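What follows is a single structure, written as structure tokens, with notes after it.
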Amino acid sequence: AGAVARGARGGGGILNHCHNTQDPNALMDEARAVARAAADVGVKVAFAIPILGRNLVSYGDTAPLIAALPAHLRDGFAARAAWRPDYAGQLELAEEIFTLASPHFLPQYGPVGPQWVDDEVLAEIARRSADRNRRVHMHLLETQTQREWADAAYPGGLIAHLDDLGLLSPRLTVAHGVHLTPADCERLAERGVMVSVNTSSNLRLASGIAPVAAFEAAGLGWGMGLDGMAFDDDEDAFREARLLWHLQRGFGVTRTLSPDRFWQAVLTDSRRAILGPDAGGRVAEGAPADVIALDPTRMTEDVIEGRADITDLMLVRATKADLAGMWIDGRQVVDRGHLTGIDLPAAEAELMAQARHAADRLDLGDVAAIEAAYRRYYASGCHCAAPSAAKGAA
């Protein structure tokens, strides 16, 4: 509820939630809790049901990584590397979670990424998506190491391979796409796939900058996401939009995006990437009653009347502080920074109490050793060394 509420307070009324459970046996209960949170806060949450099963420790051969770890950590990593998933059970549980669907809670298939899901399972998800008209949300080529692994594992091209599996369709949204090539973009555009661009997250995690110019050249639809990693950790969608604009509009005399095209991507196409086409993302009679109202007072307090356009000012000044109100399905969920559905300060206080309790179990020395081992592993190219990586688990 705290995460959903912070997103709403930052201007996010339509959210995609990629759920990373720490305990697969708790996933159904956690899905119910997310559904409750969405309804309590009053927003629409697309819930990407996690499905995964290969490369859980690393891409490629895990032996060099495990050998580089402190001795007391090796058995745990080896056990995780040897684990084989119950894909049938995961897909069965996904069907149960789909029964929780409501106007506020919209389950989707969530294969976490092609490097973490076996090919035959991706093909099965593609079949179910087509047969049952359900959306799919999947991370794709977020990092350079994922690109290198994909090129080694699928010499014919990962995107072409996913197309052969039937996964590429207008029902699919892929997150990040930082390392997509122009040819990849053209194939995705031909299939009607959407991309979620997560600018702050990609900068903070040193993943890179999404090639929006290539998206535009190919006609590939894209929207804006925050990935829970906004600058200042404030989930401010308006600040995120400004950063996205300044990085992707073009430089010098080159213009990749016009303001109109940018706002279409942020307001209309972002919604379509989460919900599919539903006539939303615009203020018009008969459109869904999902509306944000901004108070221009702060943005215009030093502006001479008639000398600046408010939409231009939004691209350089708007923050969540300017959010006067947000209505979802006609219900007001934010009123000048206040959440109408839940007590956010109380929720955050409880979260901090839980976090402080859990922090006692975290060994920072082990964390540093694990990070160092992973850096050496990927820097040495071990993730590209295993020719069987594309085959995955039996």
Side-chain angles (χ1 to χ4, degrees), residues 1-17 33-47 100-108 135 173 194 196 223-226 228 230 234-242 244 259-260 262-300 309-311 313-315 317-348:
V4 172
R6 285 191 293 271
R9 190 175 60 180
I14 314 293
L15 307 170
N16 186 288
H17 173 62
V34 175
R36 177 186 170 192
D40 287 350
V41 176
V43 297
K44 298 177 183 177
V45 174
F47 183 87
L100 302 177
S102 74
H104 292 287
F105 184 75
L106 306 145
Q108 302 180 351
R135 294 195 63 78
T173 293
M194 298 284 291
S196 173
M224 185 188 82
L226 280 76
D234 60 0
E235 301 306 305
D236 190 330
F238 302 99
R239 194 188 306 274
E240 183 76 12
R242 287 164 44 205
L244 173 60
D260 285 349
F262 171 78
W263 287 119
Q264 177 192 350
V266 170
L267 299 176
T268 305
D269 294 345
S270 293
R271 180 191 184 97
R272 183 160 61 93
I274 298 174
L275 303 179
D278 72 343
R282 60 196 181 96
V283 179
E285 185 176 354
D290 301 331
V291 180
I292 280 175
L294 296 182
D295 181 347
T297 302
R298 188 192 64 88
M299 289 184 283
T300 60
D309 184 85
I310 185 60
T311 56
L313 290 173
M314 287 169 59
L315 290 172
R317 294 187 173 185
T319 74
K320 67 180 184 181
D322 305 308
L323 179 60
M326 180 164 67
W327 293 258
I328 301 298
D329 280 341
R331 166 190 167 188
Q332 187 167 16
V333 299
V334 180
D335 183 5
R336 296 191 177 275
H338 172 70
L339 277 296
T340 64
I342 72 164
D343 184 343
L344 180 57
E348 290 181 325

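These numbers were taken from a predicted model, which means no experiment stands behind them. Atom set for the values below is all heavy atoms of this structure, side chains included, hydrogens, waters and symmetry mates excluded.
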Gap separating the [atom1] atom of [X] from the [atom2] atom of [Y], nearest 0.5 angstrom:
| X | Y | atom1 | atom2 | value |
| --- | --- | --- | --- | --- |
| His338 | Leu323 | NE2 | CG | 13.0 Å |
| Arg271 | Asp290 | CZ | CG | 4.5 Å |
| Leu226 | Asn16 | CG | CG | 12.0 Å |
| Ile274 | Asp269 | CD1 | CG | 11.5 Å |
| Ile310 | Leu294 | CD1 | CG | 8.0 Å |
| Ile342 | Glu348 | CD1 | CD | 8.5 Å |

Between [X] and [Y] (side chain of the first, backbone of the second, donor and acceptor by atom type, cut-off under 3.5 Å), is there such a pair?
| X | Y | answer |
| --- | --- | --- |
| Ser270 | Met224 | yes |
| Arg317 | Met299 | yes |
| Thr268 | Gly281 | yes |
| His104 | Lys44 | no |
| Asp329 | Arg331 | no |

*Going through the checks in order, is the salt bridge (Lys or Arg N to Asp or Glu O under 4.0 Å) test met by Glu235 and Lys320?*
CA-CA 9 Å; Glu235 301 306 305; Lys320 67 180 184 181; over 6 Å; no
Closest heavy-atom contact between [X] and [Y]?
| X | Y | value |
| --- | --- | --- |
| Ala46 | Gln108 | CB-NE2, 3.5 Å |
| Ala8 | Leu339 | CB-CD1, 4.1 Å |
| Arg9 | Gly337 | CD-O, 3.4 Å |
| Gln332 | Val334 | NE2-O, 3.1 Å |
| Ala279 | Pro288 | O-CD, 3.6 Å |
| Ala38 | Val45 | CB-CG2, 3.6 Å |

When you compare the side chain of Phe238 with that of Val266, does any pair of heavy atoms fall below 4.5 Å?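 Result no, sub-4.5 Å side-chain heavy-atom pair not found.
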- Message: Less than 4.5 Å apart, side chain to side chain, heavy atoms only: is that true for Leu315 and Phe262?
- Response: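 Side-chain contact under 4.5 Å: yes.
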For Arg242, I'd like to know if atom CZ has over 12 heavy atoms of other residues, nucleotides or ligands within 6.0 Å. yes
Residues at least two apart in sequence or cross-chain that pass side chain to side chain donor-acceptor pair (under 3.5 Å) with Arg298, listed by chain then number, are Asp322
